[in-house]
Protein chains: 2
Amino acid sequence: MVSAADRVKKPGMSSVWLDAKKPRSAGGGTGTGTGRKADPAVAGLDREKITAATVALLDAEGLAKFSMRRLATELKVTAMSLYWYVATKDDLLELAVDRVMGELDLPDPAAATDWRDQLRQLAQTYREVLVRHPWASILVGRFLGIGPRMMEFSSATLGLMRKTGMPLDRQGGTVASVFQFVYGFATIEGEFHQRAAASGITPDELYAEAMGAISGAVEGTELFRDSTAVMEARGGSTVAEMYDRDFRIALDVLIAGIEATSAASSAE
Amino acid sequence: MVSAADRVKKPGMSSVWLDAKKPRSAGGGTGTGTGRKADPAVAGLDREKITAATVALLDAEGLAKFSMRRLATELKVTAMSLYWYVATKDDLLELAVDRVMGELDLPDPAAATDWRDQLRQLAQTYREVLVRHPWASILVGRFLGIGPRMMEFSSATLGLMRKTGMPLDRQGGTVASVFQFVYGFATIEGEFHQRAAASGITPDELYAEAMGAISGAVEGTELFRDSTAVMEARGGSTVAEMYDRDFRIALDVLIAGIEATSAASSAE
DNA sequence: ACCTGAACACCGTTCAAGT
DNA sequence: ACCTGAACACCGTTCAAGT
């Protein structure tokens with residue numbers, strides 16, 4: 001009977017960052033601090049500790065294997081005690097994403113560095129975070145990223161745009177061209193690393209295996225000729241070098257595009 | 001005792017496309033055809049039917065809710081009978097991804113269309129497929145995409161590159177700049193649609209809700225001023241228009257970048 | 001205030017059996 | 001050749017209960 005009313009109430013915008021009622025946490029202490037309570041020195045859970053443990057577990061075993069029960073045993077409690085600190089598993093994952101975004105090496109907004117260098121730095125640091133924590137890619141897409149660290153990153157991208165000379169009405173699209181590219185690139189790169197790690201082999205070994213398997217299927221075709229030519233011209237003896245090179249060249253293209261577009265618009 | 005040997009054997013490259021032993025399917029009949037057998041006309045499972053049902057279910061309910069058991073009830077069999085046709089759930093998902101890539105509207109490689117138009121078409125059709133089937137984005141990252149339809153797409157991107165005049169050693173990076181951008185962009189766009197649909201509201205309603213929630217948190221800050229300015233300049237009265245506009249502008253930047261780079265390299 | 005046990009309604013996959 | 005039932009080792013989350 002209440003189902004219609006329920007449907008209207010359903011928020012759609014649920015996010016940890018929008019639920020003001022933060023649960024009991026220890027406040028802004030630096031690091032571990034001294035255990036106030038006597039006995040449960042080992043336990044003494046709070047949101048901060050749980051989030052840190054979540055990131056560690058996700059890094060170690062990936063998103064697929066992560067579970068509330070698994071995390072709980074890591075923290076030496078039952079799964080249910082976690083629900084006193086976070087409402088759902090998704091909330092916890094959202095906290096984890098924003099936590100790793102704290103690792104971003106954002107450029108000083110006051111510094112007078114050339115925007116090209118700033119763009120490269122921002123792109124590179126975002127790429128590094130996503131590759132270091134491959135599980136974060138999927139979650140960045142899922143949660144619309146409105147945590148405080150993600151907000152600082154957005155702020156930095158907008159600050160960068162202002163320096164490019166790009167007309168205001170194109171800044172939204174230009175931000176997208178750069179950072180959705182980095183997101184896409186780093187997601188695929190991170191998944192590849194994860195896949196290799198899961199099989200206990202190096203990325204180079206996985207690459208060799210994949211190439212051998214694929215070329216067996218397309219040998220003699222036009223695709224085979226073309227892709228072999230591109231890959232040989234690309235150079236680089238390791239997968240890591242190939243990724244680095246492609247990434248750098250892609251940023252060159254983007255920067256050249258921004259230069260050309262902003263020059264054209266200031267000329268008219 | 002065999003654990004060391006096992007580790008060495010573990011392939012890392014598992015993929016449906018690499019297991020030659022295809023299971024019993026009906027052959028290349030067109031559409032439904034006439035039921036050869038008498039009674040199990042309704043059942044009569046095969047890989048093709050299972051994959052089609054998988055895509056339908058993923059479109060309807062998303063990756064999170066998809067399960068072998070759920071799919072089985074849809075097909076009026078038990079979950080276990082599916083395992084006669086596919087080895088694992090992941091194999092089935094890999095088949096589903098390649099199936100939707102068959103929806104890509106690839107340009108005729110023989111046609112003499114300007115590469116700029118071809119690039120726009122290829123980017124747009126890839127974007128549309130990923131937005132229409134948002135679950136595919138995550139899986140494209142997971143499975144390295146070596147199915148036949150994905151291969152045709154790769155072939156088309158390489159054919160496009162040859163027409164740009166881009167030097168061969170930069171084609172890999174340039175392909176990445178375009179198609180990893182599209183992948184990133186469409187992934188985020190698709191997730192947004194999915195999120196709105198899951199809450200039973202329109203993307204525009206979700207957008208308004210999100211903006212209201214966020215601005216409450218950052219009002220008065222520099223980020224608020226900057227992002228408001230960019231959003232207003234961006235124009236477009238609906239979320240769909242905003243996405244279209246940003247996408248088009250981003251492609252403009254990329255095309256300008258490719259033009260500038262290939263012109264510079266042919267001049268030296 | 002914090003944590004637990006038992007329970008509900010699920011998972012993917014294996015394996016021995018059925019027809 | 002194709003499909004099933006029962007079982008194993010899991011899930012996220014709720015709820016009443018403990019301290």
Side-chain angles (χ1 to χ4, degrees), chain A residues 14 16 19 21-27 35-50 53-54 57-58 61-96 135 139 142 198, chain B residues 14 16 19 21-27 35-50 53-54 57-58 61-96 135 139 142 198:
Chain A
S14 66
V16 230
D19 294 340
K21 43 153 190 175
K22 288 198 179 185
R24 35 276 123 176
S25 60
R36 216 88 68 82
K37 295 283 179 62
D39 256 299
V42 191
L45 243 36
D46 57 37
R47 230 183 218 214
E48 161 64 22
K49 267 182 198 159
I50 292 175
T54 299
L57 198 53
L58 285 167
E61 306 187 351
L63 186 57
K65 283 189 181 166
F66 177 83
S67 77
M68 296 299 269
R69 289 168 135 112
R70 179 80 184 72
L71 174 65
T73 62
E74 210 73 14
L75 290 166
K76 292 173 201 268
V77 292
T78 65
M80 301 74 214
S81 40
L82 300 172
Y83 285 92
W84 204 78
Y85 300 93
V86 289
T88 63
K89 184 189 178 185
D90 269 12
D91 274 13
L92 183 50
L93 293 176
E94 207 174 350
L95 290 167
W135 48 269
L139 301 176
R142 192 186 298 175
Chain B
S14 65
V16 228
D19 294 341
K21 43 153 190 172
K22 290 198 177 184
R24 36 275 124 179
S25 60
R36 216 87 68 83
K37 294 283 177 64
D39 256 299
V42 192
L45 243 37
D46 58 37
R47 230 184 220 213
E48 161 66 22
K49 268 182 196 158
I50 291 175
T54 300
L57 197 53
L58 285 166
E61 305 186 354
L63 186 58
K65 283 188 181 166
F66 178 83
S67 77
M68 296 300 270
R69 289 166 135 110
R70 179 79 185 73
L71 174 65
T73 61
E74 208 75 15
L75 290 166
K76 294 172 201 269
V77 291
T78 65
M80 300 76 214
S81 39
L82 300 173
Y83 285 93
W84 205 78
Y85 300 94
V86 288
T88 63
K89 185 190 180 187
D90 269 12
D91 273 12
L92 184 50
L93 293 175
E94 207 175 350
L95 289 168
W135 47 269
L139 301 177
R142 191 185 299 174

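Values reported hereafter were calculated over all heavy atoms of this structure, with side chains retained and with hydrogens, waters and symmetry mates removed. Given the structure is predicted, the values throughout are model-derived calculations rather than measurements. The sequence lines fix the lettering, A, B, ..., with proteins before strands; numbering per chain opens at 1.
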Next item on the list: Determine the Euclidean distance between corresponding P atoms of dA17(C) and dC2(D); express it in Å to zero decimal places.
Entry: 22 Å

Note to self: Quick check: do Ile50(A) and Leu92(A) have side-chain heavy atoms less than 4.5 Å from each other?
What the structure shows: yes

Check: Pairs in or reaching into residues 78-93 of chain B: which pass salt bridge (Lys or Arg N to Asp or Glu O under 4.0 Å), with residues at least two apart or in two chains?
Finding: Asp90(B)-Arg142(B)

Checklist line | Qualifying salt bridge (Lys or Arg N to Asp or Glu O under 4.0 Å) pairs, either residue in residues 61-73 of chain A, two or more places apart | finding: Glu61(A)-Arg70(A), Arg70(A)-Glu74(A)

Item checked: Interatomic distance at P, dA9(C) relative to dC10(D), whole Å -> 22 Å

Next item on the list: Calculate, to the nearest 0.5 Å, the distance between atoms NZ and OH belonging to Lys49(A) and Tyr85(A) respectively.
Entry: 9.0 Å

Next item on the list: Indicate yes or no: at least one non-hydrogen side-chain atom of Leu93(A) is less than 4.5 angstrom from one of Phe66(A).
Entry: yes

Next item on the list: Taking the side chain as every heavy atom from C-beta outward, state whether Thr54(A) and Leu95(A) have any pair of such atoms under 4.5 Å apart.
Entry: no

Next item on the list: Answer whether the closest heavy-atom distance between the side chains of Leu45(B) and Val77(B) falls below 4.5 Å.
Entry: yes

Check: Once Watson-Crick and G-U wobble pairs under 3.5 Å are found, how is DNA chain C written in dot-bracket notation, 5' to 3', with | for any base paired to another strand?
Finding: ||.|||||...|||||.||

Checklist line | Nucleotide nearest Trp84(B) when distance is taken to its side chain, options dG5(C), dA1(D), dC2(C) | finding: dA1(D)

Check: Quick one: is Thr78(B) getting a side-chain N or O under 4.0 Å of the dC3(D) phosphate, OP1 or OP2?
Finding: no

Notebook entry, point to check: Could you state the CG-C1' distance from Leu45(B) to dT4(D), rounded to the nearest angstrom?
Noted result: 13 Å

Next item on the list: Classify every nucleotide of nucleotides 6-19 of chain C by which part a protein heavy atom approaches to under 4.0 Å, writing B for the base, S for the sugar-phosphate alone and - for neither, in 5'-to-3' order.
Entry: BB---BBBB-----

Checklist line | Nearest heavy-atom neighbours spanning Leu82(B) and Met68(B) | finding: CD1-O, 3.4 Å

